[in-house]
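This report refers to the structure that appears directly beneath it.
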Amino acid sequence: MAKYIFVTGGVTSSLGKGIIAASLAKLLQARGLSVTIQKFDPYINVDPGTLNPYEHGECYVTEDGAETDLDLGHYERFLNIYTSQANNVTTGKIYQTVINKERAGDFLGKTVQVVPHITDEIKRRMLLLGEDGKFDVVLTEIGGTVGDIESLPFIEAVRQLQWELPEEDVMVVHLTLIPYLKAAKELKTKPTQHSVKMLSETGVHPDILVCRTEEPLNNDIKRKIALFCNVKQEAVIEAMDASTIYEVPLLMLREKLDLICLRKMKIANYGEPNLDKWKGFLDKLKYPKSKVTVGLIGKYIELQDAYKSILESFIHAGAMNEVKVQVVNVHSEFITDENVVEKLQGLDGLLVAPGFGKRGIEGKIIAVKYAREHGMPFFGICLGMQMAVIEFGRNVLGLTEAHSTEMDGNTVSPVINMMEEQKKIKMMGGTMRLGAYPCEIEADSLAHQVYGTQQIIERHRHRYEFNNDYLEQYQAAGMLASGKNPETGLVEIIELSNHPFFIGVQYHPELKSTVESPAPLFVGFIDAAKKFNDKKSAQKSSSKQDALI
Ligand code: GLN
């Protein structure tokens, strides 16, 4: 049977519980253990698929089509493994299961209660991934902050498991904050004491405290925290602010977070951590040879979490190309024909982001036109690809009313159309075309060059698609469908034949980019941006020389 590590959070949200959990998992994995992570979210939505990105940030989609919390993205990027439907559980899912059972009469006349019925279902799901012997360790991140009303049943389930399972099979890591008060020039432990007290009152005792801090924790502070919070001093872990999240596993290694866990769980068969690839990546990330500036054209740019996986993919692809990728956020709602040059001319590449609904799409279309006409590297993802199709229809094919039926149901040129199987769907939750589908790439296309293979599998989240009635017209004018679903013919990739790098994809390559295996399209795009930048610099210096002559 697997061992279970629960990661809870105290004092405040946004302390980076997901990163700490992923870092610990990374270290255990690097020592040769097989590890997975899951997230338990206290909200009542069945999944975050119906949540606005402003509410919840990006909705991360797994290979098997689950719409999940963005922390699962961190897990996959750190561990280079796939997560699944089972790795993200919400209060909504728990209640849905219990209520369905009640309706089926499975409780045989009993009153259905939070304890034991809800907590039993939570425990069942907490243990599930560890049951088939595939994993040595299952980490579970509990969303929210200790003390929240919503997370109480989850914490209660952890309490029960601490009693029901052998002592060495369960442990709790609690993440807290040690604020530094500038006026007093002091680190303060009281919020942590309160948070641990609150956790203890629910009957759960943390084995390790990971303390987020801006200043190093000296031994006196660690001793004080240990004393008041009832943990061993060595189990008070300093988690200093890091320059990048990818440094956190190394910081945790230095603090021996993994070793303390291994010891408590009585795991003996582990090796020295093999982090060669990770360190290689980190070196390239920290010491780039040059810089490129790319524009991220989206409508949720006020909230960076909305584009989490895209931003992380840029980091992976930048390191691979040994360049620093500076991302300039351009709000699509405010791009007009008048200001587009001013807004985009300094960039080396343009990524038009995914999205839903009408707001900001005309700005996206104007941006696509700029990239197409100026030979600027262009990369459109999902809605971004659809906007590229509309732009080409309107400005190259002369279909002046070209549109997606998502935005205009009555357009005379529906170049993007709702997928046939979507038309009968009435319910919103979990009903898009979701998860991994194969795509077959045309030989000798840009996509082929970028991927180096003709068979790929990528993840999806959409209801609309390229309308194949227009395919011939598009291809004849130079927009090629270079990737298609082999079974349905659905257009997965479009590209321009007479442009250095212009590619749009119906799927989400950002969801499969990891530290160890960056998404090829991002790597290719950053490479193209680098070349574009080099060309610009060469042009600049030659015109300077001309001026001197
Ligand atoms: N709204 C578009 C669709 O449903 C694009 C979705 C997306 O960008 N993820 O097809």
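As the structure lists them, so they are numbered: ligands from 1, and atoms in each ligand from 1.
- A cation-pi arrangement is absent between Arg359 and Phe334 under the rule of less than 6.0 angstrom and at most 45 degrees off the ring axis.
- Residue Leu383 has at least one nitrogen or oxygen atom sitting less than 3.5 Å from a nitrogen or oxygen atom of ligand 1, judged on distance alone.
- Taking a 4.0 Å cut-off on heavy atoms, Gln386 registers as neighbouring ligand 1.
- Using a 4.0 Å cut-off between heavy atoms, His462 contacts ligand 1 through both its backbone and its side chain.
- Atom 4 (O) of ligand 1 has Arg463 N, 3.0 Å as its closest protein atom, hydrogens excluded (heavy atom only).
- Among all protein heavy atoms, the one lying closest to atom 10 (O) of ligand 1 is Tyr464 N, 2.9 Å.
- Results of the side chain to side chain contact (heavy atoms under 4.5 Å, CB included) test with Asn87 over Val138, Asp71, Leu129 single out Leu129 as the only residue that passes.
- Considering Val328, Ile297, Thr336, Val330 as possible partners of Lys343, the one that fulfils the side chain to side chain contact (heavy atoms under 4.5 Å, CB included) test is Val330.
- With hydrogens left out, the protein atom closest to atom 5 (C) of ligand 1 is Gly355 O, 3.3 Å, a heavy atom.
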### Task
Decide yes or no on salt bridge (Lys or Arg N to Asp or Glu O under 4.0 Å) for Glu420 and Arg463, but give the supporting numbers first.
CA-CA 9 Å; Glu420 207 44 50; Arg463 290 188 205 280; over 6 Å; no

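- Among protein heavy atoms, atom 9 (N) of ligand 1 sits closest to Arg461 O, 3.0 Å.
- For Glu465, no heavy-atom contact with ligand 1 is shorter than 4.0 Å.
- Screening His508, Arg77, Lys512 against Ser309 for a side chain to side chain contact (heavy atoms under 4.5 Å, CB included) leaves a single residue, Arg77.
- Residue Glu406 touches ligand 1 through its side chain alone, judged by heavy-atom distances below 4.0 Å.
- In this structure, Arg394 is not positioned above the aromatic face of Phe392 in the sense of NZ or CZ being under 6.0 Å from the six-membered ring centre and within 45° of the axis.
- The single protein non-hydrogen atom nearest to atom 7 (C) of ligand 1 is Cys382 SG, 2.9 Å, given as residue, atom name and distance.
- Partner of Val515 under the side chain to side chain contact (heavy atoms under 4.5 Å, CB included) criterion, out of Lys26, Glu76, Glu312, His316: His316 alone.
- For ligand 1 and His508, the ligand atoms under 4.0 Å from any heavy atom of the residue are 9 (N).
- Partner of Met376 under the side chain to side chain contact (heavy atoms under 4.5 Å, CB included) criterion, chosen from Phe502, Tyr370, Phe501: Tyr370.
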